[in-house]
Amino acid sequence: MIHRLLYYSQLRKGIVSEFQQIVKEDANALREEWAALGLSNVSVFSCDLYVCVYAEVSGDQSVPIWDWPISFERYLEKWPTEPDLDVNSSGTLHRLAIPMIDVFHDGLPENTDFWNGSRSVEERVGSIARLKPDKVSSYIYYHYQKQEESPDSFNSTYLIGSIGRLLFSYHELPSRVSTRKRQGLLATKHSPDNWHEVMLPHFELWEEAPEGQRLWRKMECLM
């Protein structure tokens with residue numbers, strides 16, 4: 001079994017370029033540190049003040065409590081954490097990255113041979129979107145329904161996480177679909193055929209985004 005993790009961080013104002021540069025320069029050291037925690041295939045994405053992280057944890061081991069190294073406090077905003085959760089050895093009640101909730105996954109990496117086998121990844125794509133506050137529950141409802149009615153339908157690596165009304169999607173190209181399709185938890189067929197038309201009213205558009213990115217804004221992959 002492979003656990004797939006998504007995290008969200010927010011940059012301090014005026015420090016975007018410096019953060020991007022230090023992540024690129026320290027990529028090897030960061031990968032080594034994260035590998036020691038059991039994390040693999042880690043990717044870091046940024047766009048303006050938004051930072052999102054994708055990672056995998058293999059095996060039946062418990063998912064580690066992950067956070068940025070303490071040295072990144074100068075770049076990232078602090079988030080309060082649960083008082084009884086031991087996030088770090090310093091005992092502080094804040095963290096620099098918060099886990100995102102899985103609201104949609106096309107595939108589940110239960111077949112580790114398929115997931116880790118002859119896996120060719122030409123591009124790792126991360127994008128962000130914003131939902132209208134009154135449309136969050138509807139968006140989650142539709143996506144759970146589609147996920148369980150039609151699993152493994154277009155790209156097994158496609159994953160969407162949320163924190164509040166902010167969404168982060170991750171997928172790998174070329175698309176990969178398992179031949180051993182998972183049995184969904186729903187036997188119904190209620191997902192709308194006009195999917196994109198139904199989804200459009202859920203989004204708050206990015207007004208200054210490049211052409212074709214007003215719903216989902218593509219992030220820069222730093223590593």
Side-chain angles (χ1 to χ4, degrees), residues 3-20 23 39 41-56 63 65-68 72-82 85 87 93-106 123-147 154-155 157-172 195-223:
H3 303 280
R4 308 178 72 203
L5 313 175
L6 298 177
Y7 291 91
Y8 173 68
S9 299
Q10 185 171 307
L11 283 168
R12 297 177 184 272
K13 290 185 177 179
I15 209 160
V16 174
S17 297
E18 187 177 347
F19 170 81
Q20 293 177 336
V23 169
L39 273 64
N41 293 321
V42 181
S43 295
V44 180
F45 301 88
S46 87
C47 178
D48 294 338
L49 300 182
Y50 303 96
V51 176
C52 296
V53 176
Y54 170 85
E56 296 176 2
V63 177
I65 297 175
W66 175 83
D67 202 358
W68 287 95
F72 278 79
E73 277 196 340
R74 65 186 301 261
Y75 306 111
L76 301 169
E77 299 288 357
K78 298 177 181 178
W79 299 86
T81 188
E82 299 174 39
L85 184 63
V87 175
L93 296 180
H94 67 263
R95 56 183 302 153
L96 303 176
I98 49 178
M100 304 186 81
I101 297 171
D102 177 348
V103 299
F104 177 83
H105 49 262
D106 186 47
E123 184 180 7
R124 300 176 188 272
V125 182
S127 303
I128 50 173
R130 297 175 300 188
L131 297 175
K132 296 174 182 176
D134 62 339
K135 295 292 187 180
V136 174
S137 59
S138 173
Y139 184 89
I140 293 174
Y141 163 80
Y142 276 116
H143 277 72
Y144 177 76
Q145 180 175 257
K146 187 174 182 65
Q147 169 185 295
F154 65 100
N155 186 342
T157 67
Y158 197 86
L159 177 67
I160 301 176
S162 74
I163 176 69
R165 66 189 188 99
L166 180 74
L167 302 175
F168 169 62
S169 71
Y170 171 87
H171 67 278
E172 297 169 4
W195 179 260
H196 296 292
E197 182 181 340
V198 173
M199 287 300 106
L200 182 59
H202 289 74
F203 290 90
E204 180 178 316
L205 303 182
W206 300 100
E207 297 297 340
E208 305 299 325
E211 184 68 25
Q213 296 186 34
R214 296 191 68 199
L215 267 66
W216 284 97
R217 193 170 175 186
K218 189 173 181 180
M219 308 180 79
E220 180 181 353
C221 185
L222 304 181
M223 59 174 285

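What's counted below: heavy atoms across the whole structure, side chains too, no hydrogens, waters or symmetry copies. Computed from a prediction, not measured in an experiment: that's the story for all the values here.
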Validation row: F72, V23 side chains within 4.5 angstrom (heavy atoms):
yes
Taken to the nearest 0.5 Å, the spacing of L131 CG from I140 CD1 works out to 8.0 Å
Taking atom CD1 of I101 as the centre, report whether more than 12 heavy atoms of other residues, nucleotides or ligands fall under 6.0 Å from it.
no
Answer whether the closest heavy-atom distance between the side chains of M199 and Y142 falls below 4.5 Å.
yes
Donor-acceptor contact below 3.5 Å, side chain K132 vs main chain P201
yes
When rounded to the nearest 0.5 angstrom, what distance separates CH2 in W216 from CG in L167?
4.5 Å
Please work out whether the ring planes of W66 and Y7 are parallel, tilted or perpendicular, with thresholds of 30° and 60°.
tilted
Side chains of L215 and L200 in contact at under 4.5 Å (non-hydrogen atoms):
yes
Any chance you could lay out the side-chain contact (heavy atoms from CB on, under 4.5 Å) test for L222 and F19, step after step, and finish with the verdict?
CA-CA 10 Å; L222 304 181; F19 170 81; 3.9 Å; yes
Counting neighbours of OH on Y144 that are heavy atoms of other residues, nucleotides or ligands and sit closer than 6.0 Å, is the number greater than 12?
yes
State whether a side-chain donor-acceptor pair under 3.5 Å links W68 with S9.
yes
I want to check something: taking the side chain as every heavy atom from C-beta on, are L5 and E56 in contact at a cut-off of under 4.5 Å?
no
Heavy-atom pair with the smallest gap, counting every atom of A97 and D67
N-OD1, 3.0 Å
For the residue pair S43 and R124, what are the closest heavy atoms and their distance?
OG-CD, 3.0 Å
Find the distance between CG (L11) and CD (E18) and round it off to the nearest 0.5 Å.
10.5 Å
Looking at E123 and K218, is there a salt bridge between them, counting it only when a charged N and a carboxylate O are closer than 4.0 Å?
yes
Locate the shortest heavy-atom distance separating M100 from G161; write the atom from each residue and the value.
CE-O, 3.6 Å
Anything under 30° is parallel, anything over 60° is perpendicular, the rest tilted; go ahead and classify F104 against F154.
parallel
Using side chain to side chain donor-acceptor pair (under 3.5 Å) as the criterion, point out the one residue from E172, H171, R4 that pairs with Y54.
R4
Please find the pair of heavy atoms, one from R165 and one from P133, that lie closest to each other, and give the distance.
CD-CG, 4.0 Å
CZ of R95 to CD of E73, rounded to nearest 0.5 Å, is 13.0 Å
Got a second to check how far M223's CE is from F45's CZ, nearest 0.5 Å?
10.5 Å
Would you find a donor on one side and an acceptor on the other, under 3.5 Å apart, between the side chain of R214 and the backbone of E207?
no
CD1 of I163 to OH of Y8: how many Å apart, nearest 0.5 Å?
8.5 Å
Min side-chain heavy-atom separation V103-H143 under 4.5 Å:
no
Taking every heavy atom of F168 against every heavy atom of V53, the minimum-distance pair comes out as CE2-O, 4.5 Å
Please name the pair of heavy atoms, one in R12 and one in L49, separated by the smallest distance, quoted to 0.1 Å.
O-CD2, 3.9 Å
Mark yes or no for whether D48, through its side chain, and Y50, through its backbone, hold a donor-acceptor pair below 3.5 Å.
no
